[in-house]
2 protein chains.
Amino acid sequence: MQKKYTIYDIAKLSGFSPKTVARVVNNEGNVAKDTEEKIKSVIDRLGYTPNTYAKNLKIKKDKTILLSIRTTNGFPLQWMQMIIEQVGIICLEKGITVLVEYFYDEENLEKSMISKSVNYLDGVILFYEEENDVRISALRARNIPFVVFERAYDNSVRYVSNNNYQVLYSVFDSLCQKGLSGVELLLRSDTLVNRDRVNGVVDAFKSHGLDVSNVKITYGIGNAESAYSHILKEHEQGDMKEVFFISGDERAIGVYKAFEELGIKIGEDVSVIGFDDIPLSSYISPGLSTIRPAYYDLAKNLVLMLIPEDGNDEDHIVVPASFIKRDSLQKKFM
Amino acid sequence: MQKKYTIYDIAKLSGFSPKTVARVVNNEGNVAKDTEEKIKSVIDRLGYTPNTYAKNLKIKKDKTILLSIRTTNGFPLQWMQMIIEQVGIICLEKGITVLVEYFYDEENLEKSMISKSVNYLDGVILFYEEENDVRISALRARNIPFVVFERAYDNSVRYVSNNNYQVLYSVFDSLCQKGLSGVELLLRSDTLVNRDRVNGVVDAFKSHGLDVSNVKITYGIGNAESAYSHILKEHEQGDMKEVFFISGDERAIGVYKAFEELGIKIGEDVSVIGFDDIPLSSYISPGLSTIRPAYYDLAKNLVLMLIPEDGNDEDHIVVPASFIKRDSLQKKFM
DNA sequence: TTGAAAGCGATACCAC
DNA sequence: GTGGTATCGCTTTCAA
């Protein structure tokens with residue numbers, strides 16, 4: 001471990017004052033070309049970099065945001081990784097430091113950055129908000145700005161979300177027009193996000209004068225396995241709709257496996273529609289029709305909510321997603 | 001925005017000195033029970049938390065590591081997310097702060113934490129090291145400890161890796177014993193990791209006295225799409241092996257799709273083996289046989305290399321992976 | 001068990 | 001263009 005140099009070391013060795021060194025380091029201008037070169041050469045020689053802590057002590061300059069990810073839902077899902085990557089790229093560009101934290105139980109809150117670092121954090125992005133989320137009360141108590149991904153339970157909480165209602169409405173409006181008889185929605189649980197999606201579908205049916213009983217809603221489909229066994233059971237009971245919407249492309253794999261075993265052809269006998277458009281969706285066979293969130297826009301808005309640039313002051317931002325048609329859709333819907 | 005309280009505010013309001021407040025905040029002991037209670041109540045009332053920058057200025061206390069992820073390889077892959085999550089959980093437990101950074105081109109190095117924050121970082125975990133990686137020279141120049149995931153090009157660089165050679169050797173040793181005639185290895189490119197894997201397979205064949213020409217090596221299979229089209233082309237040319245090892249479960253989807261179109265039955269006519277054991281692998285049909293890295297152990301060792309606990313001083317740690325047999329394996333190999 | 005005072009490494013303000 | 005100096009909030013002696 002070698003000695004860490006300070007601005008005073010550079011000042012002494014270059015023969016100028018600490019303030020002038022600071023001017024060079026921070027590109028403040030008002031420095032003679034000659035002076036600048038001399039100072040720079042000393043800096044390079046010693047490999048000096050400013051001490052982050054000292055720099056931010058007097059006046060906080062660096063921006064830092066935290067991604068707080070609840071992990072109780074089991075395996076990390078790919079859509080989240082896609083947003084995280086976009087957030088990372090945007091923040092690198094803007095010089096914002098990104099922290100991540102996998103929050104997995106309430107007792108860990110005190111170990112969390114949320115509890116420890118008030119002055120440190122400029123904002124927090126919360127994934128998987130729950131009702132009465134302990135993270136939110138902690139953030140409020142500490143006055144740390146935060147934003148939730150997907151519509152929040154607490155309406156006073158700011159969020160960025162997909163246009164769940166609208167995109168589902170528009171997809172099913174179009175399918176109804178093309179003769180859709182009925183659909184089953186396979187969902188994890190009765191969350192706000194899913195309520196929006198359900199309402200979109202239901203309203204589309206209504207707008208076509210179709211009976212709402214043609215929309216079958218099934219909760220408890222939290223992973224590919226439960227999707228698989230649900231379809232098998234349903235087939236046995238002989239109560240199947242024509243189209244299956246499954247909230248999460250990863251889980252669609254379970255639906256595919258079930259239909260394959262049953263000898264039912266996806267894209268011919270039935271249609272399957274997912275949500276997320278993860279990379280694998282175009283490579284399973286038949287290609288999975290799905291709803292593609294605008295990952296970059298979602299990420300950008302999440303960051304801007306915490307570190308606003310000019311006049312961003314909306315509390316709720318809804319980002320349009322798009323429908324990607326692939327072969328899992330019956331011909332008549334294409 | 002409310003006023004941020006300092007240790008002096010707490011001292012004044014509680015009637016004790018800043019030092020005594022510090023003793024309470026940091027659980028240093030040697031404080032009268034009564035004093036402690038009074039001070040704590042003031043702290044709670046005002047929601048005081050220490051200023052991270054001031055705390056670390058005099059003597060650096062907080063531990064911070066950076067995950068540096070190169071993104072030129074396209075979509076984020078799930079295995080990486082699985083390691084990141086484990087790293088996050090381990091660090092939360094240990095009170096280590098985790099930064100992530102998506103590094104996507106050389107020019108961004110100067111914006112990177114690697115360049116900016118010497119005093120700030122206790123260590124860096126590098127994903128997707130390349131030959132003459134600019135990140136490594138920067139880290140060296142700045143004397144920041146780092147570790148690479150998977151065997152490094154530069155042998156003086158510390159790394160944590162899967163036991164690529166050994167696990168492939170052992171898998172193919174067993175398959176050869178059960179009558180394997182030939183295998184094709186579908187790989188992205190000629191990296192060290194893949195060389196280890198290739199050598200494991202080749203040595204297994206040799207140890208059974210089999211001709212090495214039975215091991216066909218194909219590079220350029222970087223995603224599901226290229227796997228798909230490669231298999232189709234190969235079938236046309238009539239040059240197919242019996243077993244396919246594809247480096248990355250996500251890409252196996254392309255192989256599945258191709259065989260399905262060709263009417264070739266995986267698990268009967270051919271076998272497919274992946275690497276990573278991501279969640280979807282058990283739900284595609286037939287279930288994908290694959291090699292499962294010990295994600296938790298990998299993560300733990302990566303963290304310990306940077307923040308050693310007691311007597312960790314190895315430079316290269318190789319973590320055993322395990323073979324998961326599923327239905328994509330022909331019966332004779334089970 | 002408690003407290004006073006020096007110092008960490010930058011920045012900002014004001015001189016020159 | 002350049003430099004002195006107080007200051008940020010906490011920790012660390014060292015005394016009491």
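Reminder, nothing fancy here: chain letters follow the sequence lines and each chain counts from 1.
Put simply, CG on B:N27 is 16 Å from C1' on D:dC10, counting in whole angstrom units. Straight-line distance from the CD1 atom of A:I7 to the P atom of D:dT5: 17 Å, rounded to whole Å. Atom P of nucleotide D:dT7 and atom NZ of A:K19 are separated by 17 Å, given to the nearest angstrom. Distance CG (B:D9) to C1' (D:dC10): 13 Å, rounded to an integer number of Å. Atom CD1 in A:I10 sits about 17 Å away from atom C1' in D:dG3, given to the nearest Å. Here D:dG4 presents its P atom at 12 Å from CZ of A:F16, a figure rounded to the nearest Å. We find that NZ of B:K12 is positioned 13 Å from C1' of D:dG9, with the value rounded to whole Å. In this structure, NZ of A:K33 is placed 19 Å from C1' of D:dT2, rounded to the nearest angstrom.
A centroid separation of less than 6.0 Å is found between the aromatic rings of A:Y53 and B:Y120.
You can see that DNA chain C meets the heavy atoms of chain A within a 4.0 Å-exclusive cut from C:dG9 to C:dC13, reading 5' to 3'.
Comparing A:N30 and B:K58 by the nucleotide of DNA chain D whose heavy atom lies nearest to each, the residue mapping closer to the 5' end is A:N30. Of the two residues contacting DNA chain C, namely A:A54 and A:I59, the nearest-nucleotide position lying further toward the 5' end is that of A:A54. Toward the 5′ end of DNA chain D lies the nearest nucleotide of B:N26, the other residue of the pair B:R23 and B:N26 mapping further downstream.
Here B:Y8 lies in heavy-atom contact (under 4.0 Å) with a base.
With D:dG9, D:dT11, D:dT2 as the choices, the nucleotide that has an atom nearest any side-chain atom of B:T6 turns out to be D:dG9.
Using a 4.0 Å cut-off between a side-chain N of Lys or Arg and a carboxylate O of Asp or Glu, B:K38 and B:D34 qualify as a salt bridge. The pair B:K60-B:D122 meets the salt-bridge criterion, with a side-chain N (NZ, NE, NH1 or NH2) lying under 4.0 Å from an Asp/Glu carboxylate O.
Between atom CG of residue B:L67 and atom SG of residue B:C91 there is a gap of 7.5 Å, rounded to the nearest 0.5 Å. With values rounded to the nearest 0.5 angstrom, A:T49 atom OG1 is found 10.0 Å from A:I43 atom CD1.
An OP1 or OP2 oxygen of D:dT2 is reached within less than 4.0 angstrom by no side-chain nitrogen or oxygen of A:T20.
Under 3.5 Å, the side chains of A:S156 and A:R140 contain a donor-acceptor pair of N or O atoms.
Judged by distance alone, with hydrogens and angles left aside, the side-chain atoms of B:D133 form a donor-acceptor pair with the main-chain N or O of B:E130 at under 3.5 Å.
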